[in-house]
Amino acid sequence: MEELPPKHGAETTKRKVAHSDEHGFSDQVRVPNVIVMVGLPARGKTYISKKLCRYLKWTGFKTKVFNVGEYRRTDANAADAVHGANASFFSPNNADALKVRAESARRAMEDMADYLNSGAGSVAIFDATNTTKSRRKTIIDFCTQKRIRCFFIESVCDDPDIIDSNVTDVKVNSPDYKGLMTAEQAKEDFMRRIENYKQQYEPLDESEGDLLSFIKVINAGRSFKVHQVRGHVQSRVVYFLMNIHLLPRSIYLTRHGQSEYNSMGRLGGDSPLTSDGRKYALALAEFFEEEEVPGLRVWCSQKVRAAQTSQHLKPDFHTEYWKALDEIDAGICEGLTYDDIQQRYPKQSEDRAHDKYHYRYPSGESYEDVVSRLEPVIMELERQANVLVVSHQAVLRCILAYFYDRPLPELPYIDIPLHSLVKLTPRAYHCDSTIYSYDIENGKWSNTSAQLPLCDSPRD
């Protein structure tokens, strides 16, 4: 495959693309990338697609998933098989259906190319089975013509428990079956669909092209095979995929208890807890005594107010102190109130209000900087089981934006009140969120199942 030059405006970055005659473009930062999924049905391709899309968007890459199944379901020529509620539609011997499926893939590819080449996005994820060498060659040839680079992700699974779980938990809720048949009928039909795909399945291998780049994810991440990773985007994708898992777990997030600076409306600093903050620290310890979360680990910022908030938790929880979890550095504005900043640095207040995510405090940090330093924390959260994070408002906004899949412009406005605890339970395609609020006056917790809203005040 011919090496591709970068397209202007494909990604926002200050880095230049270095050219090498021998290896082509050594850095893919400005080159539009297509991530192509490969694998039989019920192997977790859509799960990987959605999770990878969320991660790339959070790290600043404009990314979109193009699911060929959704295009098929809107094809006017698909007739009764629009919903895919018949395994025979996926038979390699069904010529009419093959035409519909090929046309659906073509439409998705054209939209994908328009998305990338217009500059609207920098990464597209092509979510389909792509189980034959001929289909993959079509994609490679298309991307070469459109000056886009390809990376393949093949999800391979022969563990019957994982397959059965995928079929039961996900596919019975598929638009192909919803409202058309019982769960048991849907499962039986879907298993026949898988058998139809197996008849023509050709796993990825190196012989498909000298410049073919791919990763095989085997049995939901138990092992991997990586071949010819090129450039920044592909490296990030591999790094992420080798850290995620789908084991049941919960992630708890809380700000420190009220600090002395909180009570005065001052930014940053390293002040200790107030009396109310100390009450919350005791209540937090009692909460986890009653909750009995197995194998809970505690990650805490290195600030005094965070350490004091976690100090009553059981030693068995094994508390670790992370510099990366410290509050956003407000630079010259540390220790000031928002009114102080408005009076002393009116231009800084104006700039921050204009673009809060990218605004960087003089000699300090932006939310974008915090996201960058939190990437190792996110990777560890993806790898770990049950974790409690005791940190600060800006840091937790960044973590919640990742799990809530919130757009980056909304990230700095997620409302995280003091003395509240967020419980996140990652699922296949979403993340459950429960908010526990502690009332200092009556000493009781209340809870609601919801995501935290955006705050009313654009300043905080």
Do [X] and [Y] meet the criterion of a side-chain donor-acceptor pair at a distance under 3.5 Å?
| X | Y | value |
| --- | --- | --- |
| R136 | N130 | no |
| H318 | D316 | no |
| T274 | Q258 | yes |
| T74 | R107 | yes |
| Y361 | R352 | yes |
| Y71 | D111 | yes |
| Q234 | R149 | no |

Review point. Does the pair R72 and D176 meet the rule for a salt bridge (charged side-chain N to carboxylate O under 4.0 Å, His left out), with working shown?
Key: CA-CA 10 Å; R72 166 176 56 78; D176 284 340; 3.0 Å; yes
Could you tell me whether [X] and [Y] have a side-chain N and a carboxylate O separated by less than 4.0 Å?
| X | Y | result |
| --- | --- | --- |
| K50 | D405 | no |
| R236 | E375 | yes |
| K45 | D127 | no |
| R373 | D369 | no |

For the atom pair [atom1] ([X]) and [atom2] ([Y]), what is the distance rounded to the nearest 0.5 Å?
| X | Y | atom1 | atom2 | value |
| --- | --- | --- | --- | --- |
| L424 | C431 | CG | SG | 4.5 Å |
| S259 | R266 | OG | CZ | 11.5 Å |
| E350 | H354 | CD | NE2 | 9.0 Å |
| S391 | D326 | OG | CG | 7.5 Å |
| E291 | L284 | CD | CG | 11.0 Å |
| N166 | D164 | CG | CG | 9.0 Å |

Exercise for review: Would you please classify the geometry between the F240 ring and the Y55 ring as parallel, tilted or perpendicular, with 30° and 60° separating the classes?
Suggested key: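 Taking F240 first and then Y55, their aromatic rings lie parallel (interplane angle under 30°).
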Check whether any side-chain heavy atom of [X] sits under 4.5 Å from a side-chain heavy atom of [Y], and report yes or no.
| X | Y | result |
| --- | --- | --- |
| F214 | V226 | no |
| Q451 | R406 | yes |
| W299 | V387 | yes |
| L396 | V389 | yes |
| L421 | L253 | no |
| Y321 | S310 | yes |

Short question: side chain of [X], backbone of [Y] - any donor-acceptor pair under 3.5 Å?
| X | Y | answer |
| --- | --- | --- |
| R278 | L273 | yes |
| S301 | K303 | yes |
| S420 | S437 | no |
| R43 | P41 | yes |
| D415 | P453 | no |
| E334 | G269 | yes |
| N386 | S250 | yes |
| E154 | L204 | yes |

Check your understanding: Under 6.0 Å from the six-membered ring centre of F224 and within 45° of its axis: does the NZ or CZ of K216 meet both?
Key ->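 No, K216 and F224 do not form such a contact.
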Point to revise | Within 45° cone and under 6.0 Å: R54 NZ/CZ vs Y402 ring | key: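 Yes - R54 lies over the ring of Y402, closer than 6.0 Å to its centre and within 45° of its axis.
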Check your understanding: Strictly under 6.0 Å, is that where the ring centroids of Y115 and F66 end up?
Key ->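 Yes; F66 has its ring centre under 6.0 Å from that of Y115.
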**Study point:** Aromatic contact, Y438 with F287 (centres under 6.0 Å)
**Key:**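 No.
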**Study point:** side chain to side chain donor-acceptor pair (under 3.5 Å) between S349 and Y338, intermediate numbers included
**Key:** CA-CA 8 Å; S349 292; Y338 286 115; over 6 Å; no
Point to revise | Where M109 and I139 come nearest, the two heavy atoms and their spacing | key: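 Heavy atoms of M109 and I139 come nearest at SD-CG1, 3.8 Å.
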Exercise for review: Applying side-chain hydrogen bond (donor to acceptor under 3.5 Å, both in side chains) between R397 and each of Y413, Y367, Y404, report the one that passes.
Suggested key: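 Between R397 and the candidates, side-chain hydrogen bond (donor to acceptor under 3.5 Å, both in side chains) is satisfied uniquely by Y367.
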